[in-house]
Number of protein chains: 2
Amino acid sequence: MITVELLEKYGVVKKSFDKNDIIFEEGNLPLHYYQIISGEIKMSNYNDDGREFIQGIFYNGQSFGEPPLFLNQKYPANAIAVEKAAIFILPKENFMKLLEENPKVSIKVIENLAQRLYYKSVMAAEISTHEPEHRVLKLIDHGIAYFNFQQDKNGYLINFTRQQIGDLTGLRVETVIRAIKALEKKGKLKIINRKVYR
Amino acid sequence: MITVELLEKYGVVKKSFDKNDIIFEEGNLPLHYYQIISGEIKMSNYNDDGREFIQGIFYNGQSFGEPPLFLNQKYPANAIAVEKAAIFILPKENFMKLLEENPKVSIKVIENLAQRLYYKSVMAAEISTHEPEHRVLKLIDHGIAYFNFQQDKNGYLINFTRQQIGDLTGLRVETVIRAIKALEKKGKLKIINRKVYR
DNA sequence: CCCATTTTATGATTAAAATCATAAAATGCA
DNA sequence: TGCATTTTATGATTTTAATCATAAAATGGG
């Protein structure tokens with residue numbers, strides 16, 4: 001996360017998006033740095049059958065879509081607003097200048113990319129070699145640490161729909177529903193009027 | 001990749017590993033920066049049944065294992081020498097000092113992490129939503145660009161075993177063998193005395 | 001507040017890849 | 001060079017999650 005002051009110094013602009021608005025699309029060349037002010041953004045792919053895979057979900061203060069920006073490669077996925085959102089947008093040249101002139105920001109960028117790489121490593125191994133219940137639980141436990149799940153008297157509220165959990169773990173929604181029920185039966189999590197707690 | 005001169009200035013040491021030697025293990029805390037001089041290193045996970053998932057394969061000049069180093073988190077996977085290898089090893093403190101004092105290296109580190117994140121994004125979507133033939137072909141095409149596959153009169157030689165392809169794509173070796181045969185039949189690649197060309 | 005859409009849910013059936021079994025060919029190290 | 005190990009290969013069988021079908025409950029936008 002880069003401070004507002006610094007972003008403004010380099011000519012950032014603020015833009016609003018409605019639910020389901022596309023911020024950028026797979027295959028396009030990256031031209032900007034994006035940092036969320038408010039709302040929720042997902043990056044995802046669709047296969048030929050229209051089946052979705054969610055690469056990640058991002059919230060306030062988080063940036064997204066940098067890797068291809070640094071590599072001059074096309075976006076490997078789409079960025080879509082999950083809900084109404086406001087985003088800081090900085091042109092690529094300005095962002096690169098900001099980085100050059102502010103070495104400490106580079107360290108922040110490195111830490112951010114490292115965090116995302118860590119998540120992808122964990123989930124790749126899960127998706128490849130573990131059964132549905134294990135995958136779902138791993139995603140949930142990761143989410144407690146890194147997505148903004150809120151804690152209350154029942155535990156952490158996992159504010160993802162079954163469909164989102166499926167799209168993040170490569171499972172079908174029916175499989176997720178059954179996995180969550182099985183996990184509840186095993187005492188690994190709670191379901192309180194359809195909401196999942198851990 | 002950081003230059004030898006710079007690494008030496010910060011007290012790097014060179015270490016040799018035999019085939020199958022472990023460089024570091026999943027769950028350990030990272031204490032060093034690793035950069036390959038020669039040989040081949042894989043990072044991989046094993047599930048409870050001993051089934052392997054290969055996170056990535058790294059060659060001459062490439063570094064590996066940085067993400068948890070920046071995050072003070074445990075390694076999410078093992079690093080193992082696929083063949084005899086020589087590696088530069090720099091203690092974490094020295095590496096961090098090197099970065100602070102050489103901002104341009106930070107940019108290189110960012111580009112490197114971005115490249116790996118890009119690969120993981122592409123493969124995650126593949127593994128989650130595509131059928132075996134598509135996955136195998138995507139891995140091969142990525143490999144042509146980023147692993148060190150050599151080109152000859154038959155095309156690019158894919159110097160991975162069927163097992164390795166399986167461990168990189170989350171498929172069983174028999175499934176990979178059948179997928180490769182099917183891809184050959186479709187003219188997408190060639191098999192010349194058991195070696196795969198694209 | 002109504003109604004279309006989304007979300008959760010459950011049972012039956014199917015399909016696809018994993019698993020199991022077996023073996024020939026190739027590799028490599030002792 | 002010989003022999004154990006690895007790699008490639010193929011057919012049969014099984015298992016697991018996907019698919020299909022259907023519906024109740026919840027949500028939310030107009």
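Every chain is numbered from 1 and lettered A, B, ... according to where its sequence line falls, protein lines coming before strand lines.
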OP1 or OP2 of [N] less than 4.0 angstrom from a side-chain nitrogen or oxygen of [X], does that happen here?
| X | N | value |
| --- | --- | --- |
| B:R162 | D:dT8 | yes |
| A:K181 | C:dT10 | yes |
| B:R194 | D:dT8 | no |
| A:R178 | C:dT10 | no |
| A:T175 | D:dA18 | yes |

Between A:V173 and B:I191, which is nearer to the 5' end of DNA chain D once each is assigned its nearest nucleotide? B:I191
Using 30° and 60° as the class boundaries, would you call the ring planes of A:F95 and A:Y33 parallel, tilted or perpendicular? parallel
The bend of the helix from C:dC1-D:dG30 to C:dA30-D:dT1, taken between the axes of its five terminal pairs at each end and rounded to 10°, is 70°
Non-hydrogen atoms of A:V176 and A:R162 that approach each other most closely: CG1-O, 3.6 Å
Smallest heavy-atom separation, B:V122 atom then A:P76 atom, equals CG2-CB, 4.3 Å
For [X] and [N], give me the distance from atom [atom1] to atom [atom2], rounded to whole Å.
| X | N | atom1 | atom2 | result |
| --- | --- | --- | --- | --- |
| B:N20 | C:dG28 | CG | P | 13 Å |
| A:E131 | C:dA18 | CD | P | 14 Å |
| A:K19 | C:dT6 | NZ | C1' | 9 Å |
| B:N159 | D:dT7 | CG | P | 13 Å |

Is it true that A:N45 and A:E52 share a donor-acceptor pair across their side chains at a distance under 3.5 Å? no
Which residues end up grouped with A:F64 if you chain together Ile, Leu, Val, Met, Phe, Trp and Tyr wherever their side-chain heavy atoms are less than 4.5 Å apart? A:V13, A:F17, A:I23, A:F24, A:Y34, A:I36, A:I41, A:M43, A:F58, A:Y75, A:I87, A:I89
If you round to the nearest 0.5 Å, how far is CG of A:N20 from CD of A:E83? 11.0 Å
Counting any heavy atom closer than 4.0 Å, what does A:E174 reach on the DNA or RNA strands: base, sugar-phosphate only, or nothing? base
Which of these nucleotides, C:dA9, C:dA18, D:dT27, is closest to any side-chain atom of A:K195? D:dT27
If the condition is side-chain hydrogen bond (donor to acceptor under 3.5 Å, both in side chains), which residues does A:Q62 pass it with, not counting sequence neighbours? none
